Engineer: 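This structure is in structure tokens; I'll ask about it shortly.
Count residues from 1 along the sequence. Everything numeric here is computed off the predicted structure, so don't read it as measured data. Just so you know, ligand 1 is whichever comes first in the structure, and atom 1 is the first atom listed for that ligand.
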Amino acid sequence: MKIGILTGGGDCPGLNAVIRAVTKSALRRGWEVYGYLDGFKGFVEDKRRRLTDKDVSGIIIRGGTILGTSNIANPFSYTLPPYGSPSAPADMTERSIRNFKKLGLGALVAIGGDGTQSMSLRFHRLGLPVIGVPKTIDNDLSATDFTFGFDTALGVATEAVDRLHTTADSHDRVLIVETMGRYAGWIALRAGIAGGGDVILLPEIKYRPADVVAAIKDRQRRGKNFSIVVVSEGAAPEGGEMTVLKTVEGSTDPIRLGGVSYRIADMIERGAGIDARVVVLGHLQRGGEPTPFDRWLATGFGAGAAELIAARRFGRMVSIRGSEFTSAPLSAAVGKLKTVSTKSCEVRAALGVGTSFGRADLSARLMKKVCS
Ligand code: F6P
């Protein structure tokens, strides 16, 4: 048996650990492994390399992906030259399936987030034996409790919050840390809780500018002359829009966010009369070595993908529920993102220790709920 593997979407710590686990598990079963280069771009253009044990040796600790990736290559609407362009996307479905069959592959392992898994599902429905592996630092995929990369990103964001405390305290400033998280605020929420952030702003809870300012002033009244605000890039004011940095034509999700923290700094400086500074973490959160948790998760996912192939259970995505590795139909994994529930006990816990979500009304409503 020959299998193909690709990494799609943004890079993420743990991709190499999955490639290693899939490859080693496959080689032990006597299969050949082919890695497509640059995600679905390599799949469309038939650019690939054979993976041996030597190729994947020692890569468990390396960030990024040895195969390369693309977050604009979509075989169903291909905008890359020489086949298509953003104004004239090409349908490369048949060509991709032909490449797959020509190589004699028995399965394709697609490692990626919502965009990649949606494409995987389409190929599966067209008859290709596909297995999905969930990746994203945002941890926003349905059908799994965790995606690998999230724990590493959370560590980076929490360390940033920790480090900024000293400057905020020494200079009586507000320091605003902007994390990634387009539609789901998991990184900001958990880094905010773990780092003791005073205000946490998430895409799921539209903030009220006056309530954010009131939270800072309230701390000042209590003799706390500095504050830490942790804001997700997708946060937006009530009745307002997210802060879009640019749009990338041809991408499955064309908007790129960034800069909401500058709006918030300005709002706080004007409203509370305190110096406010900004740190946008950006791609720092996606780089570097994966944490032990992410390496463990990625290895379980990769080995699980090989098991699903051996059992011929295609059209599924490996996942984790609690601490058990399992799988779910790809159809259950895509389309609906896993976002932070405003009713969740962790939001309530943060409110319980005095954290503001930029909504004074939330506290009163949520504190009535009992979690334990
Ligand atoms: O989906 C992962 C993610 O890192 C998001 O948090 C972020 O909005 C986006 O990718 C950034 O994409 P790019 O690397 O293309 O700027």
Side-chain angles (χ1 to χ4, degrees), residues 7-15 18 38-41 63-65 67-74 79-80 86 110-120 132-144 146-158 160 177-192 200-204 230-236 241-262 279-288 290-291 294 297-298 317 333-340:
T7 53
D11 75 326
C12 178
L15 284 168
V18 180
D38 300 329
F40 277 111
K41 183 171 189 286
T65 160
L67 295 176
T69 187
S70 165
N71 58 6
I72 46 175
N74 176 356
T79 56
L80 297 171
I111 313 168
D114 192 60
T116 302
Q117 301 311 338
S118 300
M119 292 179 223
S120 305
V133 179
K135 164 240 72 159
T136 163
I137 64 162
D138 293 355
N139 199 34
D140 60 0
L141 269 184
S142 295
T144 185
F146 286 102
T147 51
F148 64 87
F150 171 65
D151 188 62
T152 307
L154 178 58
V156 173
T158 305
V177 187
E178 182 174 319
T179 71
M180 279 187 167
R182 236 188 288 212
Y183 306 112
W186 296 108
I187 300 175
L189 175 64
R190 298 215 175 143
I200 299 175
L201 303 178
L202 309 176
E204 295 89 342
V230 186
V231 55
S232 185
E233 62 180 355
E241 300 295 324
M242 294 193 294
T243 307
V244 177
L245 188 65
K246 62 173 183 173
T247 54
V248 179
E249 276 188 282
S251 174
T252 43
D253 188 347
I255 61 162
R256 296 292 176 271
L257 301 177
V260 62
S261 46
Y262 290 96
V279 176
V280 180
L281 295 178
H283 294 90
L284 266 183
Q285 294 157 101
R286 295 214 314 235
T291 59
D294 279 337
L297 187 61
M317 185 187 81
V334 302
K336 188 175 179 304
L337 292 180
K338 182 183 68 192
T339 53
V340 175

Engineer: For ligand 1, which atoms sit closer than 4.0 Å to a heavy atom of R182?
Structural biologist: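 Heavy-atom distances to R182 below 4.0 Å select 1 (O), 8 (O), 9 (C), 10 (O).
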
Engineer: List every atom of ligand 1 that sits less than 4.0 Å from any heavy atom of R256, numbering the atoms from 1 in the order shown and giving each element.
Structural biologist: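 Those qualifying, in numeric order: 12 (O), 13 (P), 15 (O), 16 (O).
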
Engineer: Distance under 4.0 Å to a non-hydrogen atom of H283: what atoms of ligand 1 satisfy this?
Structural biologist: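 What qualifies from ligand 1 is 13 (P), 14 (O), 16 (O).
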
Engineer: For atom 2 (C) of ligand 1, what's the nearest protein heavy-atom neighbour? Residue, atom name and distance, please.
Structural biologist: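 Atom 2 (C) of ligand 1 sits closest to the protein heavy atom D138 OD2, 3.7 Å.
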
Engineer: Could you list the atoms of ligand 1 found under 4.0 angstrom from a heavy atom of E233?
Structural biologist: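 In order of number, 5 (C), 6 (O), 7 (C), 8 (O).
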
Engineer: Between Q285 and ligand 1, which part of the residue brings a heavy atom under 4.0 Å of the ligand: side chain, backbone, both or neither?
Structural biologist: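 Under 4.0 Å from ligand 1, Q285 contributes no heavy atoms.
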
Engineer: Can you measure from CE (M317) to OG1 (T147) and round to the nearest 0.5 angstrom?
Structural biologist: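 M317 CE to T147 OG1: 9.0 Å, rounded to 0.5 Å.
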
Engineer: Flag the pair R182 and D138 as a salt bridge only when some basic side-chain nitrogen lies within less than 4.0 angstrom of an acidic carboxylate oxygen.
Structural biologist: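 Answer for the salt bridge query: no.
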
Engineer: Evaluate T179 against E233 for side chain to side chain contact (heavy atoms under 4.5 Å, CB included), listing each step before the verdict.
Structural biologist: CA-CA 6 Å; T179 71; E233 62 180 355; over 6 Å; no

Engineer: Are any non-hydrogen side-chain atoms of L281 and M180 less than 4.5 angstrom apart?
Structural biologist: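 No, side chains not in contact.
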
Engineer: Considering non-hydrogen atoms of the protein only, which is the closest contact for atom 3 (C) of ligand 1, and what is the distance?
Structural biologist: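 Here the nearest protein heavy atom works out to R286 NH1, 3.5 Å.
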
Engineer: Between E249 and I72, what is the shortest heavy-atom contact and its length?
Structural biologist: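 So the minimum-distance heavy-atom pair works out to O-CG2, 4.3 Å.
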
Engineer: Only heavy atoms of N71, strictly under 4.0 Å: list the atoms of ligand 1 that pass.
Structural biologist: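 Answer for ligand 1: 15 (O).
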
Engineer: Below a 4.0 angstrom heavy-atom separation, can you tell me which part of L257, side chain or backbone, both or neither, approaches ligand 1?
Structural biologist: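 Contact part for L257 vs ligand 1: neither.
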
Engineer: Can you find a non-hydrogen atom of G181 under 4.0 Å from ligand 1?
Structural biologist: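 In this structure, G181 qualifies as a contact of ligand 1 - some heavy atom is under 4.0 Å.
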
Engineer: Is it the case that the side chains of T152 and R286 hold a donor-acceptor pair, with the cut-off being a distance below 3.5 Å and no angle test?
Structural biologist: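 Short answer, no.
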
Engineer: Roughly how far apart are I187 CD1 and F150 CZ, rounded to 0.5 Å?
Structural biologist: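 The CD1 atom of I187 sits 6.5 Å away from the CZ atom of F150.
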
